[in-house]
Amino acid sequence: MSSSGIRFDSVTVAYDGNVVLDGLDLTVRPGEVMALLGPSGSGKTTALRAVAGFVRPALGRVHLGDRDVTELPPHKRGIGMVVQSYALFPHLRVEDNVAFGLRARKVARAEIRTRVAEALEMTGMAAYARRHPRELSGGQQQRVAIARALAIRPAVLLLDEPLSALDARLRSGMLTELARLHRDLPDVSMLYVTHDQVEALTLADRIAVMDKARLQACGTPQELYRAPANEFTASFVGNANLLPVTVTAESVIFAGTELKTATTTPPGPATLCLRPHLVGLGDGPNRLTGTVREIQWRGATHRLHVDVDGHRVLADLGELKHPPALDETVTLHFAPEDAVLLGATDG
Ligand code: ADP
């Protein structure tokens, strides 16, 4: 199994003249897990299908490693794919489902046996080889689907919302399993489509944030969380307070109050992005005074909703011994280096 990355080179896809993927430029490095994260309809699956060869770009090229595969049929691309609905053959036993792609490729019988055993081992399904899909739970069926994709020893694995049919508990277990699989297969590049930020943050080396057919941002989870490039990214990756501010040559003004920030943007209207867990209660460097509208106790934390001059500010605090009362006036603060200024965006 040779390693190979994925490169989208200005890939545009349109259905009936409707552009649903608009000039995507993106590189997935060999061995990297890249999450395509975005709301429903943002073009994520379309991007993945362009790599698989199920849709033809109207413009642009798709490369796998140093091969331009834009014109290549799907079965010649050496790609494994896992979709949300498992898509197992109900009448075939687990081992035959896993062997399916190998038989189609006319792999020798002894080799098929080795690879099926290896793939089932890797996904923890070796004991279920003789069962039919209907005799398995949803999570087990998805493991078989993953085993089937791995059996062809793909250099690239495409996963399209692979956990969204599972319940929350299974999903978190499978997330751990997928992370382990990534460690076990350091040469396999993975493109992982999801609308779930937890999946993306947990699993991905880098995240490509999609909205309205376009790539909005791309970076490591930490980069996107700490220094989002725009409002969409700030609100889609983690929680964010997004406050309208005015930037002048000397300062940043929010609701008539002067704030200090570590970075700045050109003078004019801008948005201040402040992560709720970086907001403190009480006096501090940057003060925001407002009225408590809601208090949520979440076990280890308290979340306050504070109305500051008509803007809702969320503060995620450690568990408070003496939480404020509803409608009480409180002062919040944050450190200059924890506020990120976002320039005006084209929305
Ligand atoms: P996502 O995966 O982010 O939910 P998709 O890539 O599936 O988004 O879809 C992007 C847009 O393309 C959507 O508006 C969807 O309705 C449209 N679309 C997807 N597949 C087809 C198709 N086969 N024919 C027409 N429109 C499609």
Side-chain angles (χ1 to χ4, degrees), residues 6-28 32-64 69-75 77 79-87 142 145-146 149 156-166 168 171 174-175 178 189-219 221 224 228-238 345-347:
I6 306 167
R7 185 154 58 86
F8 294 87
D9 196 353
S10 301
V11 173
T12 293
V13 175
Y15 291 112
D16 306 322
N18 250 342
V19 172
V20 300
L21 188 66
D22 192 358
L24 177 64
D25 284 308
L26 185 68
T27 300
V28 184
E32 184 176 42
V33 178
M34 174 77 80
L36 281 179
L37 175 69
S40 177
S42 55
K44 307 180 300 290
T45 296
T46 302
L48 184 119
R49 290 170 65 82
V51 178
F54 298 131
V55 291
R56 267 214 68 174
L59 292 169
R61 315 297 299 176
V62 177
H63 298 263
L64 293 178
V69 298
T70 319
E71 313 294 335
L72 217 57
H75 66 276
R77 296 189 181 198
I79 277 175
M81 189 154 168
V82 178
V83 297
Q84 174 182 346
S85 57
Y86 325 137
Q142 193 56 304
I146 294 168
V156 166
L157 187 60
L158 306 177
L159 302 124
D160 190 355
E161 303 268 7
L163 308 185
S164 55
L166 307 177
R171 215 178 302 147
M174 279 296 279
L175 209 49
L178 285 172
S189 310
M190 300 190 195
L191 191 58
Y192 188 100
V193 165
T194 181
H195 62 272
D196 182 313
Q197 54 158 295
V198 174
E199 286 177 26
L201 290 168
T202 310
L203 208 55
D205 298 309
R206 286 190 300 154
I207 300 174
V209 180
M210 304 279 302
D211 189 38
K212 302 196 180 96
R214 291 205 178 176
L215 180 67
Q216 302 292 328
C218 180
L224 297 181
N230 47 45
E231 287 185 32
F232 183 81
T233 305
S235 57
F236 212 79
V237 180
T345 53
D346 53 18

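Quick note: numbers below take in every heavy atom, side chains included, and nothing from hydrogens, waters or symmetry partners. From a predicted model like this one, the values you see are computed outputs, not experimental measurements. Atoms within each ligand, like the ligands themselves, are counted from 1 in listed order.
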Between side-chain atoms of residues 39-48 and protein atoms elsewhere (two or more places apart, or another chain), which donor-acceptor pairs fall under 3.5 Å?
{"from": "Ser42", "atom 1": "OG", "to": "Pro39", "atom 2": "O", "distance (Å)": "2.7"}
{"from": "Lys44", "atom 1": "NZ", "to": "Gly38", "atom 2": "O", "distance (Å)": "2.9"}
{"from": "Lys44", "atom 1": "NZ", "to": "Pro39", "atom 2": "O", "distance (Å)": "2.9"}
{"from": "Thr45", "atom 1": "OG1", "to": "Asp160", "atom 2": "OD1", "distance (Å)": "3.4"}
{"from": "Thr45", "atom 1": "OG1", "to": "Asp160", "atom 2": "OD2", "distance (Å)": "3.2"}

Inset, instruction - Check the pair Ile146, Leu178 against side-chain contact (heavy atoms from CB on, under 4.5 Å), reporting the backbone distance first and the verdict last. - result: CA-CA 9 Å; Ile146 294 168; Leu178 285 172; 3.9 Å; yes

Legend entry - Working for side-chain contact (heavy atoms from CB on, under 4.5 Å), residues Met210 and His195: CA-CA 10 Å; Met210 304 279 302; His195 62 272; over 6 Å; no

Inset, instruction - Kindly tell me which protein residues have any non-hydrogen atom under 4.0 angstrom away from an atom of ligand 1, grouped by chain and ordered by number? - result: Tyr15, Val20, Pro39, Ser40, Gly41, Ser42, Gly43, Lys44, Thr45, Thr46

Legend entry - Set of residues satisfying salt bridge (charged side-chain N to carboxylate O under 4.0 Å, His left out) with respect to Arg171, sequence neighbours excluded: none

Legend entry - Criterion side-chain contact (heavy atoms from CB on, under 4.5 Å) on Leu201 and Val237, from CA distance to verdict: CA-CA 8 Å; Leu201 290 168; Val237 180; 3.8 Å; yes

Inset, instruction - Just jot down the side chain to side chain donor-acceptor pair (under 3.5 Å) partners of Gln142, sequence neighbours excluded, or say none. - result: none

